[in-house]
Amino acid sequence: MERFSEYRIMWVLVLFDMPTDTKKDRKAYADFRKNLQKDGFTMFQFSIYVRHCASSENADVHIKRVKSFLPEFGQIGIMCITDKQFGNIELFNGKKAQDAGAPGQQLELF
């Protein structure tokens, strides 16, 4: 069994900016968010969702799944970073530093 490493464990980030002008646009936005949540993504900020993955192979599975339900309109970015990189994030609420603990609850069974 491979040793778990903060360089092997990955985080998938989905960043998006979608139109919400019409009822159809708002439904597409809501459906996209719901699909992200169904796939285990957690809101990090309003248009940034993250998901913890045990490996880059597992991250690839979720990236392909996100690509399968991309909306017709909007700008979507998908980024994959290591747990080590994610752990180096600095978060602030105004000028006050925040704890950079993992967003939401993510359970992994090994």
Side-chain angles (χ1 to χ4, degrees):
M1 184 171 167
E2 279 189 50
R3 192 167 168 233
F4 292 105
S5 162
E6 58 194 350
Y7 295 100
R8 177 155 169 72
I9 297 169
M10 304 300 289
W11 286 87
V12 177
L13 289 79
V14 177
L15 310 94
F16 57 95
D17 188 9
M18 295 174 59
T20 56
D21 300 327
T22 67
K23 189 174 181 178
K24 183 179 175 183
D25 288 341
R26 288 188 293 277
K27 180 172 179 2
Y29 171 84
D31 288 346
F32 184 66
R33 287 184 59 244
K34 285 177 191 172
N35 282 325
L36 287 172
Q37 292 168 336
K38 280 185 204 171
D39 195 38
F41 283 83
T42 303
M43 187 186 342
F44 187 75
Q45 290 185 349
F46 287 122
S47 293
I48 303 173
Y49 278 67
V50 297
R51 188 185 199 292
H52 180 267
C53 296
S55 66
S56 60
E57 295 82 10
N58 183 244
D60 289 341
V61 168
H62 294 285
I63 290 169
K64 285 178 187 166
R65 195 167 294 148
V66 171
K67 288 178 179 179
S68 77
F69 58 75
L70 288 173
E72 186 176 356
F73 300 105
Q75 294 178 327
I76 292 88
I78 302 171
M79 179 172 35
C80 200
I81 62 173
T82 66
D83 191 49
K84 178 71 173 170
Q85 290 168 321
F86 190 83
N88 287 332
I89 194 169
E90 291 186 62
L91 298 174
F92 297 88
N93 187 356
K95 290 187 176 190
K96 186 177 178 182
Q98 270 180 232
D99 179 25
Q105 182 177 2
Q106 196 62 245
L107 300 176
E108 286 277 336
L109 300 176
F110 299 104

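It should be emphasised that the depicted structure is a prediction, and the values quoted were computed from it without experimental measurement.
Residues Thr20 and Arg26 share a closest heavy-atom pair of O-NH1, 3.1 Å. When all heavy atoms are compared, the tightest approach of Ala59 to Cys80 is CB-SG, 3.7 Å.
Between the CZ atom in Phe44 and the CZ atom in Phe86 there is a gap of 4.5 Å [rounded to 0.5 Å]. In this structure, the separation between CE on Met79 and CD1 on Ile63 is 10.5 Å, given to the nearest 0.5 Å. One distance of note links OG1 of Thr82 with CH2 of Trp11; it measures 11.5 Å at 0.5 Å rounding. A distance of 13.5 Å separates CZ of Arg33 from CZ of Phe41, quoted to the nearest 0.5 Å. Separation of atoms CD1 (Ile81) and CD1 (Ile9) is listed at 13.0 Å; rounding is to 0.5 Å. Atom-to-atom distance recorded for Thr42:OG1 and Gln37:CD is 8.5 Å, nearest 0.5 angstrom.
In this structure, Gln75 places its CD atom where only 12 or fewer heavy-atom neighbours from other residues, nucleotides or ligands lie under 6.0 Å away. For Phe46, the CZ atom is loosely surrounded, since the number of other residues' heavy atoms within 6.0 Å does not exceed 12.
Neither side chain, Asn58 nor Ser55, offers a donor N or O lying under 3.5 Å from an acceptor on the other.
Residue Phe69 is not grouped with residue Phe73 when hydrophobic side chains (ILVMFWY) are merged at heavy-atom distances under 4.5 angstrom, including chains of intermediate members. Taking hydrophobic clusters as Ile, Leu, Val, Met, Phe, Trp and Tyr residues chained together by side-chain heavy-atom distances below 4.5 Å, Leu36 does not share a cluster with Val61.
Ion pairing between Lys27 and Asp31 holds under the 4.0 Å rule for side-chain N and carboxylate O.
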Show your working on side-chain contact (heavy atoms from CB on, under 4.5 Å) between Glu57 and Met10 and close with a plain yes or no. CA-CA 9 Å; Glu57 295 82 10; Met10 304 300 289; over 6 Å; no
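The backbone N or O of Phe16 sits less than 3.5 Å from a side-chain atom of Ser47, completing a donor-acceptor pair. In terms of modelled atom types and a separation under 3.5 Å, the side chain of Arg51 and the main chain of Leu13 share no donor-acceptor contact.
Residue Tyr29 is tested with Lys34, Met18, Lys24 for a side chain to side chain contact (heavy atoms under 4.5 Å, CB included); the sole match is Met18.
The shortest side-chain heavy-atom distance between Phe32 and Val14 falls under the 4.5 Å cut-off.
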